[in-house]
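Following: one structure in structure tokens, then a few remarks.
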Amino acid sequence: MVTCKETRAVIIALHKKGFTGKDIAASKIAPKSTIYQIIKNFKESGSIVVKNASGCPRKSSKRQDCLLKLIQLRDRGTTSTELAQEWQQAGVSASACTVRQRLLEDGLVSRRTAKKPLLSRKNIRDRLIFCKSYRDWTAEDWGKVILSDESPFRLFGASGKKLVQRRQGERYHQSCIMPTVKHPETIHVWGCFSAKGVGSLTILPKNTAMNKEWYQHILREQLLPIIQEQFGDEQCLFQHDGAPCHKAKVITKWLGEQNIDILGPWPGNSPDLNPIENLWSILKRRVDKQKPTNSEKLQELIMQEWSAISQDVADGSMPGRIAEVLKKMGQHCKY
């Protein structure tokens, strides 16, 4: 037990007055074993100051630690074993464990890489232009926007990430594995939502990819009713990304004929700007949790869980997303 200097001084003062360790322990000033140790150390050294434990000498200097950090930051994917080998060339003989300890001291911890779409210079430029155009919009302004997107769903829990809690030796336990197949069946869905709640969800037929014909059908049968239901005669904006079928002339013309104003142009490769990605994550987790085993069950669960999503999930994070992208100079943000 670690005791303060004042407590040690009181124990030694009582010892000098003839009190035994047992007598001092009765006052509950410190545990009995601690009191005996303090008295023993005082008899041996004549001081109440606790000596620092020597421990193992540090294998590296501050300069060498700084070098290790620079090597790691030069290539974040370098393993601790590879770093130990490079460090050895600089004159430091240390194990991979020591390398990890030094990096931890500097806040560098091994983590899985985040997967984000590749951003070209054009993507970054478009993201900045978009965010600067809407930087002054409030959550109330964004509440008048219907956001949309398409997303794939796969059988056997392949739609999203999944973590399990397992003990050593249980890696291949039946309850700790995610079944996979060579060619998982994929279902494509289109959905939309606004600050007023989730909107329509459309499941495309099997082996059907989104094209301008299907997209126009979805907008006519799903988007128009949602605009009427959520906004009535109130003016609103519709958001969709720059997919080829979205930019087709027939779609642009149809949207104009329906007096539907478009937000944007939306920057490419920017799912982090669209809050509907959060809805997809929630939906996929809920569906995967029920482990559908066939296409019909998967579709049923998708529709069921989409309807069950609370209106509270529709967040007001757009101002924060815009600010974050501007802060990162167009690069990926945390969302």
Side-chain angles (χ1 to χ4, degrees), residues 115-152 188-196 198-202 204 209-212 214-220 222-224 226-227 230-231 235-281 314-335:
K115 293 183 178 180
K116 292 283 188 177
L118 178 65
L119 293 176
S120 65
R121 289 184 180 180
K122 182 181 184 305
N123 292 147
I124 294 173
R125 183 175 66 249
D126 290 346
R127 284 162 66 87
L128 286 173
I129 292 172
F130 176 84
C131 291
K132 287 176 181 177
S133 299
Y134 296 99
R135 71 194 313 170
D136 296 325
W137 275 34
T138 63
E140 185 179 352
D141 294 324
W142 286 106
K144 299 174 183 177
V145 178
I146 294 180
L147 298 144
S148 70
D149 192 27
E150 291 107 44
S151 185
H188 294 273
V189 304
W190 176 93
C192 66
F193 89 110
S194 73
K196 298 180 184 292
V198 296
S200 297
L201 187 78
T202 299
L204 272 66
M210 185 69 80
N211 54 34
K212 59 186 179 183
W214 262 108
Y215 193 54
Q216 185 174 359
H217 171 78
I218 288 172
L219 296 179
R220 182 174 58 251
Q222 304 295 336
L223 179 63
L224 290 180
I226 284 299
I227 292 177
Q230 293 190 350
F231 294 94
Q235 189 65 30
C236 68
L237 292 173
F238 174 61
Q239 174 276 336
H240 60 181
D241 59 32
C245 62
H246 297 175
K247 297 191 296 182
K249 290 182 180 179
V250 64
I251 299 298
T252 303
K253 180 183 177 183
W254 184 86
L255 289 169
E257 292 171 348
Q258 304 301 319
N259 296 317
I260 298 175
D261 295 326
I262 304 299
L263 178 82
W266 191 263
N269 284 353
S270 299
D272 54 344
L273 277 173
N274 196 341
I276 201 172
E277 294 296 332
N278 293 23
L279 290 188
W280 293 140
S281 296
D315 62 13
S317 65
M318 279 304 296
R321 293 170 189 262
I322 296 288
E324 184 79 9
V325 171
L326 289 174
K327 181 181 177 181
K328 296 286 183 66
M329 299 299 294
Q331 295 291 343
H332 296 295
C333 65
K334 64 181 179 181
Y335 294 94

[atom1]/[X] to [atom2]/[Y] distance, rounded to the nearest 0.5 angstrom?
X: Q230; Y: C192; atom1: CD; atom2: SG; result: 7.0 Å
X: K253; Y: Q258; atom1: NZ; atom2: CD; result: 12.0 Å
X: Q216; Y: L255; atom1: CD; atom2: CG; result: 8.5 Å
X: S270; Y: L119; atom1: OG; atom2: CG; result: 6.5 Å

Is there side-chain contact between [X] and [Y], with at least one heavy-atom pair below 4.5 Å?
X: I146; Y: Q239; result: no
X: L223; Y: Y215; result: no
X: K144; Y: L237; result: no
X: I260; Y: C236; result: no
X: R321; Y: P275; result: yes
X: H332; Y: P117; result: yes
X: Q331; Y: I124; result: yes
X: W190; Y: L201; result: no

Step-by-step side-chain contact (heavy atoms from CB on, under 4.5 Å) determination, K247 to T252:
CA-CA 6 Å; K247 297 191 296 182; T252 303; 5.5 Å; no
Ignoring hydrogens, what is the shortest heavy-atom contact between [X] and [Y]? Give both atom names and the distance.
X: D141; Y: V145; result: O-CG2, 4.1 Å
X: G199; Y: I226; result: CA-CD1, 3.7 Å
X: P319; Y: A139; result: CG-N, 3.8 Å
X: N123; Y: N269; result: OD1-ND2, 3.4 Å
X: C245; Y: K212; result: CB-N, 3.7 Å
X: K132; Y: L326; result: CG-CD2, 3.7 Å

Taking the inter-plane angle between the rings of W266 and F130 on a 0 to 90° scale, is it parallel (under 30°), tilted (30 to 60°) or perpendicular (over 60°)?
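Perpendicular.
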Evaluate the side-chain contact (heavy atoms from CB on, under 4.5 Å) criterion for residues L219 and I251: first the C-alpha distance (whole Å), next the side-chain angles of each, then the deciding distance (0.1 Å), finally the verdict.
CA-CA 9 Å; L219 296 179; I251 299 298; 4.1 Å; yes
Can you tell me if E257 has over 12 outside heavy atoms packed within less than 6.0 Å of its CD?
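Yes, the 6.0 Å shell around CD holds more than 12 heavy atoms from other groups.
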NZ of K116: more than 12 outside heavy atoms within 6.0 angstrom?
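Yes, NZ of K116 has more than 12 neighbouring heavy atoms, counting only those of other groups under 6.0 Å.
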After noting the C-alpha distance and the side-chain angles of Y134 and M318, does the key distance pass the side-chain contact (heavy atoms from CB on, under 4.5 Å) rule?
CA-CA 10 Å; Y134 296 99; M318 279 304 296; over 6 Å; no
Whether the side chain of N274 engages the backbone of E277 through a donor-acceptor N/O pair (distance < 3.5 Å, no angle test) should be reported.
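Checking the backbone N and O of E277 against the side chain of N274, no donor-acceptor pair under 3.5 Å is found.
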Return yes if a side-chain donor-acceptor contact under 3.5 Å exists between S281 and N278, otherwise no.
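On atom types as modelled, these side chains do not qualify, holding no pair under 3.5 Å.
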Polar side chain donor-acceptor pair, H246 to E150, under 3.5 angstrom
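Result is yes, a qualifying pair exists.
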Answer yes when R127 and D272 have at least one side-chain N-carboxylate O distance shorter than 4.0 Å, and no when they do not.
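Salt bridge: yes.
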Walk me through it: do L273 and C131 pass the test side-chain contact (heavy atoms from CB on, under 4.5 Å)?
CA-CA 9 Å; L273 277 173; C131 291; 4.1 Å; yes
Can you confirm whether or not the ring centre of H240 sits under 6.0 Å from the ring centre of F238?
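Yes.
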